[in-house]
Amino acid sequence: MQRLAMDLRMLSRELSLYLEHQVRIGFFGSGVGLSLILGFSFAYACYYMSSIAKKPQLVTGGESFSRFLQDHCPVVTETYYPTVWCWESRGQTLLRPFITSKPPVKYRNELIKTADGGQISLDWFDDDNSKCYMDASTRPTVLLLPGLTGTSKESYILHMIHLSEELGYRCVVFNNRGVAGENLLTPRTYCCANTEDLETVIQHVHSLYPSAPFLAAGVSMGGHRHMFVKQIDMDHVMKAKSIREFDKRFTSVMFGYRTIDDYYTDASPNRRLKSVGIPVLCLNSVDDVFSPSHAIPIETAKQNPNVALVLTSYGGHIGFLEGIWPRQSTYMDRVFKQFVQAMVEHGHELSSM
């Protein structure tokens, strides 16, 4: 609240100075234009504070998890102030990749083999200079899962690594098959419903550091054509005009689903949330164009004490821009940092609640 107030005061001061200058040179003549603009700015500020800036809805399946989040991850109960000039869903979604900075990160790449003869590319940030966790064997490890077609080079992944570095943690990015420049050795990529590759990565990472706290953070969902021509009509696939058409012609066929609806039913979190056995925090904007409010499994989440949903009114898809010029961090970044730190430092409290 204080930060937003400072930003608004700064913006108002700069606008006033500019307008006063224009009045002096006669641009606004009698100064009526100045009054109109100041009046409009005041009305917009009132509308923003009353209708746009809101506290997120916190949905949990148990009082213990809710209390834990309020105590150690307070950002989930604080008012979210979307960027004042870009709060609408499509603007947040489209502008985030171009506005947010890309912190420099040096990776160590590792290729691991899969049971079907394929390979998975992992990008490690070892954080060997960690002052908080100098012993690599017990340094907390965060597994990062990029979104659809995303890799370790995405700005939101780089920001998560930067925040993890501040906490002294190690990170490893799981690049889905065929998207990070490695050769695709088998005619298989990935889909929302199949977790075999993720299970392989989790087992591999945990075997390397069995004594280290292990967390994971995924964003959104989380080509190499010659491998598929014998199974799939790629010319037909490439003519798809929507995600649903692509999934119908490619994803559902590749993973053996009878229909596209069978694939979507299997991939829906509604079927899996009830069986979640570890603390999971999900951040979603209700104006997300890819994950709209009617698709959010609120009632299912209420039935599992290990699941919490943080639902903001605005933020778009992986947007969550805030501040006048959101270059350095987003609301999603702050949620990520507070939650992983809470789990590493206070996670034991959940088992005793």
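Applying the side-chain hydrogen bond (donor to acceptor under 3.5 Å, both in side chains) rule to Ser155 yields the partners Arg96, Thr100; only residues at least two apart in sequence or on another chain are considered. The side-chain hydrogen bond (donor to acceptor under 3.5 Å, both in side chains) search around Tyr44 returns Trp87, not counting sequence neighbours. Residues forming a ring pair (Phe, Tyr, Trp, His ring centres under 6.0 Å) with His346 (at least two apart in sequence, or on another chain): His72. Taking the salt bridge (charged side-chain N to carboxylate O under 4.0 Å, His left out) definition, one finds that Asp128 meets it with Arg139, sequence neighbours left out.
Among pairs with a residue in residues 80-90, those fulfilling salt bridge (charged side-chain N to carboxylate O under 4.0 Å, His left out) read Glu88-Arg90, at least two apart in sequence or across chains. A salt bridge (charged side-chain N to carboxylate O under 4.0 Å, His left out) check over residues 149-175, counting only residues at least two apart or in different chains, returns the pairs Glu166-Lys337.
Using a 4.5 Å cut-off on side-chain heavy atoms (C-beta onward), Arg334 and Glu78 make contact. Within the 4.5 Å cutoff, no side-chain heavy atoms of Asp126 are placed close to those of Val172. In this structure, Tyr80 and Val75 have side chains that are not in contact, with every pair of non-hydrogen atoms separated by 4.5 Å or more. Residues Ser89 and Tyr314 form no side-chain contact, since every pair of their non-hydrogen atoms from C-beta on lies 4.5 Å or further apart. In this structure, Thr114 and Ile120 have side chains that are in contact, with non-hydrogen atoms separated by less than 4.5 Å. Side-chain contact between Leu309 and Cys282: present, with at least one pair of heavy atoms (C-beta onward) separated by less than 4.5 Å. Asn284 is not listed as a side-chain neighbour of Val310, based on a closest heavy-atom distance of 4.5 Å or more.
A donor atom on one side chain and an acceptor atom on the other are found under 3.5 Å apart for Ser121 and Asn109. When only modelled atom types and interatomic distance are considered, His159 and Gln328 share no side-chain donor-acceptor pair under 3.5 Å.
Judged by distance alone, the side chain of Thr330 and the main-chain N or O of Asp333 form a donor-acceptor pair under 3.5 Å. Formation of a donor-acceptor pair under 3.5 Å by the Gln92 side chain with backbone atoms of Leu321 is found in this model. The backbone N or O of Cys86 sits nowhere less than 3.5 Å from a side-chain atom of Thr83 that would complete a donor-acceptor pair. A donor-acceptor pair under 3.5 Å links the side-chain atoms of Asp287 to the main chain of Gly316, judged by distance alone. For the pair Tyr48 (side chain) and Pro82 (backbone), a donor-acceptor distance under 3.5 Å is present. In this structure, the side chain of Arg108 does not engage the main chain of Phe125 through any donor-acceptor pair within 3.5 Å. Judged by distance alone, the side chain of Asn304 and the main-chain N or O of Gly61 form no donor-acceptor pair under 3.5 Å. No donor-acceptor distance shorter than 3.5 angstrom exists from the side chain of Asn175 to the backbone of Thr151, with no hydrogens or angles considered. No side-chain donor-acceptor contact under 3.5 Å links Tyr169 to the backbone of Ser130.
At a threshold of 4.5 Å between side-chain heavy atoms, the hydrophobic network of Ile, Leu, Val, Met, Phe, Trp and Tyr places Phe42 and Ile52 in two separate groups. Using a 4.5 Å cut-off between side-chain heavy atoms of Ile, Leu, Val, Met, Phe, Trp and Tyr, with links allowed through other members, Tyr47 and Tyr81 fall into the same hydrophobic cluster. When the side chains of ILVMFWY residues are joined at heavy-atom separations under 4.5 Å, either directly or via intervening members, Leu94 and Val84 end up in two distinct hydrophobic clusters. In the hydrophobic clustering of this structure, Met134 does not group with Trp124; members are Ile, Leu, Val, Met, Phe, Trp, Tyr whose side-chain heavy atoms approach within less than 4.5 Å, directly or through other members. Clustering ILVMFWY residues whenever any of their side-chain heavy atoms sit less than 4.5 angstrom apart, transitively, puts Leu198 in the very cluster that holds Ile112.
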Practice problem: Mind running side-chain hydrogen bond (donor to acceptor under 3.5 Å, both in side chains) on Asp197 and Asn176 for me, showing each step along the way? | Solution: CA-CA 8 Å; Asp197 283 357; Asn176 283 299; over 6 Å; no
Self-check item: side-chain hydrogen bond (donor to acceptor under 3.5 Å, both in side chains) assessment of Gln70 paired with Ser66
Solution: CA-CA 6 Å; Gln70 293 176 49; Ser66 177; 2.9 Å; yes
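In this structure, Phe214 and His206 have parallel ring planes: the angle between them is below the 30° cut-off, well short of the 60° mark.
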